[in-house]
Amino acid sequence: MAQADKAVTMARQVSQAKQHRLRIGFVPVAEMKIFPYILPHLRVQNPDLKIELLSLNNTEQMKMIKKGELDIIFSHHNINSDEIESQFVLREPLIFILPKDHPLAKYERIPVKALNGIDFIIPSAEQSQTLHHTILDFAKANGIEFNIVQKVDNILFHIDSIGMGLGCTILPDYIAPLIMDNTVVRPLDVELPHLDLYISYGKNSHSAAVHKFMELLTRMFYLDINREQ
């Protein structure tokens, strides 16, 4: 009986620990556009909640949430399955960035055909598969081909490479505040593509922390975004 009581007590302790823990996987845009608005309020309302943030690519996140190793993920994939619920959060515009002294910087609006053959820096497929393929699909759709001189895994090195004059790039607009004085952003004469951000979580999740996070996101952010669609 004593051993049975101890086992029940331990099970309750594990359950309570899980209820006071929130494991979130994310791509960088969530770090810039979601967390600063949600997490401070979540911490005030739930001071005992332990929040674990893991910066992961889309593929890593999907594997971990399916295994139950993450409670929530922010990714560019609409997973929606029997086990996982996904909801649209925001649309992430892309911008064209180039060195300030680049010949194309003279244009107020760069002709897309002028991009053919330019030296280009692209995120690696391992670092950002969705963005990597979105850029290549954009080039193909417009009949241009980039001279890819660098594939990068690190966003800071990516930005630095532009500043060093190694080439041009296309990145999400959350990068704009981080670019240096020797780089510029220019619009094209065609619309650049965008990335959609989704939040995903287990359909059968009984985690109070997940529900509290979703309540905050819905009240403070998600509903406004839905009205913009």
Side-chain angles (χ1 to χ4, degrees), residues 22-40 43 51-65 69-70 72-77 89-105 107 110 115 117-139 144 146-188 192-200 221:
L22 185 62
R23 301 163 300 175
I24 305 175
F26 65 95
V27 289
V29 64
E31 184 180 3
M32 303 291 288
K33 293 189 175 182
I34 305 291
F35 296 159
Y37 304 98
I38 302 295
L39 294 188
R43 289 186 181 281
I51 301 172
E52 300 175 18
L53 301 176
L54 292 156
S55 179
L56 303 165
N57 64 39
N58 292 303
T59 303
E60 291 169 332
Q61 289 191 64
M62 288 197 294
K63 287 180 181 178
M64 291 182 71
I65 197 167
E69 296 172 349
L70 291 172
I72 289 172
I73 65 171
F74 284 93
S75 75
H76 293 121
H77 290 290
V89 179
L90 60 80
R91 186 147 287 163
E92 188 178 3
L94 300 182
I95 55 177
F96 186 77
I97 310 171
L98 64 164
K100 195 172 184 177
D101 59 358
H102 194 281
L104 295 181
Y107 290 99
I110 300 173
L115 304 186
I118 63 167
D119 289 348
F120 195 85
I121 301 164
I122 193 169
S124 68
E126 293 75 20
Q127 189 261 338
S128 182
Q129 185 179 41
T130 304
L131 180 56
H132 178 92
H133 290 294
T134 296
I135 293 170
L136 295 182
D137 290 345
F138 167 77
I144 59 176
F146 297 125
N147 178 34
I148 297 175
V149 295
Q150 190 88 36
K151 294 180 182 179
V152 294
D153 295 312
N154 181 290
I155 193 65
L156 292 179
F157 178 66
H158 199 147
I159 298 169
D160 288 342
S161 297
I162 308 301
M164 290 186 286
L166 300 184
C168 307
T169 198
I170 294 173
L171 287 173
D173 74 338
Y174 74 82
I175 291 297
L178 305 178
I179 64 174
M180 299 174 290
D181 292 339
N182 53 357
T183 62
V184 293
V185 175
R186 289 286 186 269
L188 306 182
L192 280 166
H194 61 265
L195 304 180
D196 286 341
L197 182 71
Y198 295 88
I199 183 171
S200 301
F221 194 37

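- Partners of Asp119 by side chain to side chain donor-acceptor pair (under 3.5 Å), not counting sequence neighbours, listed by chain and number: Asn147.
- Taken from CZ in Phe138 to CZ in Phe96, the straight-line distance is 8.5 Å, to the nearest 0.5 Å.
- Residues satisfying the ring-ring contact (aromatic ring centres under 6.0 Å, His included) criterion with Phe157, sequence neighbours excluded, are absent altogether.
- Side-chain contact between Leu56 and Ile73 is absent, with no heavy-atom pair separated by less than 4.5 Å.
- Of all non-hydrogen atoms in Arg186 and Val184, the two that sit nearest each other are NH1-CB, 3.8 Å.
- Summarising the geometry of Gln129 relative to Thr59, their closest heavy-atom pair is OE1-OG1, 3.8 Å, with the distance given to 0.1 Å.
- Looking at Ile162 and Ile179, their side chains never come closer than 4.5 Å, going by heavy atoms from C-beta outward.
- If you check the side chains of Glu92 and His76, you find a donor sitting under 3.5 Å from an acceptor.
- You'll find the side chain of Ile159 reaches within 4.5 Å of the side chain of Ile175, heavy atoms only.
- In this structure, Ile122 and Leu136 have side chains that are in contact, with non-hydrogen atoms separated by less than 4.5 Å.
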Counting only pairs under 3.5 Å, give me each side-chain donor-acceptor contact of residues 165-173, with atom names and distances, residues two or more places apart or in other chains.
residue: Thr169; atom: OG1; partner: Ile121; partner atom: O; Å: 2.7
residue: Thr169; atom: OG1; partner: His158; partner atom: NE2; Å: 2.7
residue: Asp173; atom: OD1; partner: Lys33; partner atom: NZ; Å: 2.9

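- Contact annotation: the side chain of Val27 never approaches that of Leu195 to less than 4.5 Å [non-hydrogen atoms, C-beta and beyond].
- Distance check, rounded to the nearest 0.5 Å: NE2 of His77 to CG of Asn58 gives 4.0 Å.
- Residues Pro99 and Ala105 share a closest heavy-atom pair of O-CB, 3.9 Å.
- Atom CD in Glu31 sits 4.5 Å away from atom CZ in Phe26 (nearest 0.5 Å).
- Of all the heavy atoms in Asp181 and Lys100, the pair that sits closest is O-CD, 3.4 Å.
- The CZ atom of Arg23 sits 13.0 Å away from the CG atom of Leu53 when rounded to the nearest 0.5 Å.
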### Query
Going through the checks in order, is the side-chain contact (heavy atoms from CB on, under 4.5 Å) test met by Ile155 and Leu178?
CA-CA 10 Å; Ile155 193 65; Leu178 305 178; over 6 Å; no
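- Rounding to the nearest 0.5 Å places CG of Asn57 at 13.0 Å from NE2 of His132.
- Residues satisfying the side chain to side chain donor-acceptor pair (under 3.5 Å) test with Ser75, not counting sequence neighbours, are none.
- Under the side chain to side chain contact (heavy atoms under 4.5 Å, CB included) criterion, Met32 pairs with Tyr174, not counting sequence neighbours.
- The main-chain N or O of Asn154 is never found under 3.5 Å from a side-chain atom of Gln127 such that the two would form a donor-acceptor pair.
- With sequence neighbours left out, Gln150 forms a side chain to side chain donor-acceptor pair (under 3.5 Å) with no residue at all.
- Taken to the nearest 0.5 Å, the CD1 atom of Ile24 stands 10.5 Å off from the CD1 atom of Ile34.
- The aromatic rings of Phe146 and Phe120 lie parallel to each other, with less than 30° between the two planes, well short of the 60° mark.
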